[in-house]
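Here the structure comes first, spelled out in C-alpha cells, and everything after it is commentary.
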Amino acid sequence: MVRTMTDTGTDSGAAAGERAVARCDVLGVSPFSDEIDLLYRPWLGPGFIATVEAISNWMRQAGMTVRQDAATNLIGRYEGTTLDAPALLFGSHLDSVRDGGRYDGMLGVIAALEVVAGFHERGERFPFAIEIVGFGDEEGSRFPITMLTTRSIAGVLEEDDPVAAFAGLRDGTGLTVEQALARVGLTPRGMAAARRPKDSVLAYVEAHIEQGPVLEAEGRALGVVSGIAAQRRFEIRVHGMAGHAGTMAMSLRQDALTAAAEMVLAIERIGVAGGDRDGLVATVGLLRTWPGVANVVPGDVTFTIDVRAGTNTTRDRTVDVFLAALKEIAERRGVEIEIIPRENLDPSPCDPHLMTLMETAVQDVTGEPARVLVSGAGHDAMIMSRLAPMAMLFIRCEKGISHNPAEAVLPADVGEAVIALTRFVRLFADDCSKTQGRHSA
Ligand code: GLV
Ligand code: MN
Ligand code: MN
C-alpha cells in the first residue's frame, strides 16, 4: 500500500472517514430533514435550504469560495495555481428520497470535501481548480421529474426540455416547480443560466455508496464504476368510475384500483420473466387512489413505472411489452389509461481513461486490483457525462441496502475512499501535465 498519513492532511484517512460519516449523520435529521421522525430532504424544502447553509460553511472552512447557481446547485471552488483555471468537478446530490438513508448522494459531497480539506491544510494546489457540486434534485422525490439542476449545469436543460414536459406538475403539497423556484427568486427557464462552458470543466467525478451487495460480498471497501444502466420512467393514470361501495354491483364496476393492481402484477411478471438479463429491473414505487376512502369504488389511480437495463434495447423492448399488457388489461376491464413518459436516460459509460486512473488510485490504496462494476442506480454522473468525461467510485454499504433508513457505511471505508480520491486528483494532475507537455512539444 502506498497510502500515507499526508494523504488526508494532518489526520489519518480513518479520521477523515469518521468526520465524513458524522457530518452525513448530522444532516440526516431535522432541521436538515423536512420530517421529524425520518429523513426526507426534497429539493428546495426547508431541510434542503438548511443543508446548503451547513455545507457552505464547511466548504469555506476547507478553503473554498461558495456560491449557488441559477439552478440552486451548491458549488464550492478551490482555486488552482492560477485563478480561473478550468476545474475538476466532484459532486453528488443533496436531496433524498422519502424515508431515505443518510449517505445516498450526501456522502459523495462530504467525502469530496474531506479531499479538498486535505489539500487546503497542506497548501497543495493544482494547475486546475477543484469544485464540489451539491446537486438539487437527483432523486425526483419532490416533483415527478429528475435532475433538472444537473441538466442545467450540463447545458442540456433546453435540449431535453423537461421544463415543457413538467409544466403544471405539482409536488405533494400542490406547489408547481415554478412556484417552488419563485420562492427562492428563480424560474425554470432561468435555470439554464447555470450552464457551464465545456472548456471550464476538465472532468466530473462522483463518489457514491454502491447501493448494492457486490463489494460487501467480495470483502472490498471500494469499486470503480464502468457505466450506469439505462432508465425510463412513466406515470400511468387509470380512469374507471367511482361508485357507492354498498350499491354498485360487482359485475358493473369499472374499478380503477383492481385494474391497476392487475397492471402492477403484470409489470412484476414481465420484469421477473426477464430473468435478470442485462440487469433488467422494473418497479412500481408510487400508487395513489382517488378518492381514496373506504366506501367508494376507486374512480382513478395513478402509479409510476421505473424500468432499467444495461442497454436501451432490453429496456425499450420490455417497455413495449409492459405497455401492450397495460392496454390489454384496460380494455378487458373497461377502464381508460393515460401513459405519460417522465424520464428517459440512455446508459452512461464511464470514461475509459478516467476509469484507468481511478482503478490505479484504488489499487494503490487497497493493494489489490480494483473491482469494476456497473451501476444499476441512477446518478448525476449520467447527465454530467454529457458535459465532460466522467468517472465514479463506489463505496461499500451494509448489505447493499439503500433508499432505506437502514443504509450504513463503515467510516474506515469512507477513509479509504478519501485517500483514493486524493490519489486520483494527483494522478489526474500528472496526466494533465503529460498531456500539456505533449501539446507544447
Ligand atoms: C436514484 O437513486 C435512482 O437510481 O433512482
Ligand atoms: Mn437515491
Ligand atoms: Mn444517489
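Start at 1 and go down the list; that is how both ligands and their atoms are numbered. We number each residue from 1, following the sequence as shown.
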So, Arg19 and Glu114, do they make that salt bridge, N to O below 4.0 Å?
yes
Distance under 4.0 Å to a non-hydrogen atom of Arg233: what atoms of ligand 1 satisfy this?
5 (O)
Does His93 approach ligand 1 within less than 4.0 angstrom via side chain, backbone, both or neither, non-hydrogen atoms only?
neither
Metal site the Mn ion (ligand 3): N/O/S of His208 inside 2.8 Å:
yes
Check this for me: does any side-chain nitrogen of one of Glu159 and Arg386 sit under 4.0 Å from a carboxylate oxygen of the other?
yes
Short N or O distance, His403 and ligand 1, threshold 3.5 Å exclusive
yes
For ligand 1, which atoms have a heavy atom of Ala377 less than 4.0 angstrom away?
4 (O)
Which residue holds the protein heavy atom closest to atom 5 (O) of ligand 1, what is that atom called, and what is the gap in Å?
Arg308 NH2, 2.6 Å
Should Asp25 and Arg23 count as an ion pair when the cut-off is N to O under 4.0 Å?
no
So that I know where these two stand, are Phe428 and Phe128 an aromatic pair - ring centroids less than 6.0 Å apart?
yes
Within the 4.0 Å heavy-atom shell around Glu139, which atoms of ligand 1 are there?
1 (C), 2 (O)
Does the distance from a Lys or Arg side-chain N to an Asp or Glu carboxylate O, for Arg98 and Glu35, drop under 4.0 Å?
yes
Those residues at least two apart in sequence (or on a different chain) that pass side-chain contact (heavy atoms from CB on, under 4.5 Å) with Ala71 are Asp69, Asn73, Thr149, Ser152, Met191, Ala194
Would you indicate whether the side-chain heavy atoms of His239 and Glu338 approach each other to under 4.5 Å?
yes
Check whether the side chains of His353 and Asp351 place a donor and an acceptor atom closer than 3.5 Å, and report yes or no.
no
What about Gly378: any of its N or O atoms under 3.5 Å from an N or O on ligand 1?
yes
Taking the non-hydrogen atoms of His379, is any one of them nearer than 4.0 angstrom to ligand 1?
no
Under 3.5 Å, is there a donor-acceptor pair between the Asn344 and Arg315 side chains?
yes
Run the ring-centre check on Phe126 versus Phe119 and record whether the distance is less than 6.0 Å.
yes
Ignoring waters, how many protein N/O/S atoms are under 2.8 Å from the Mn ion (ligand 2)?
4
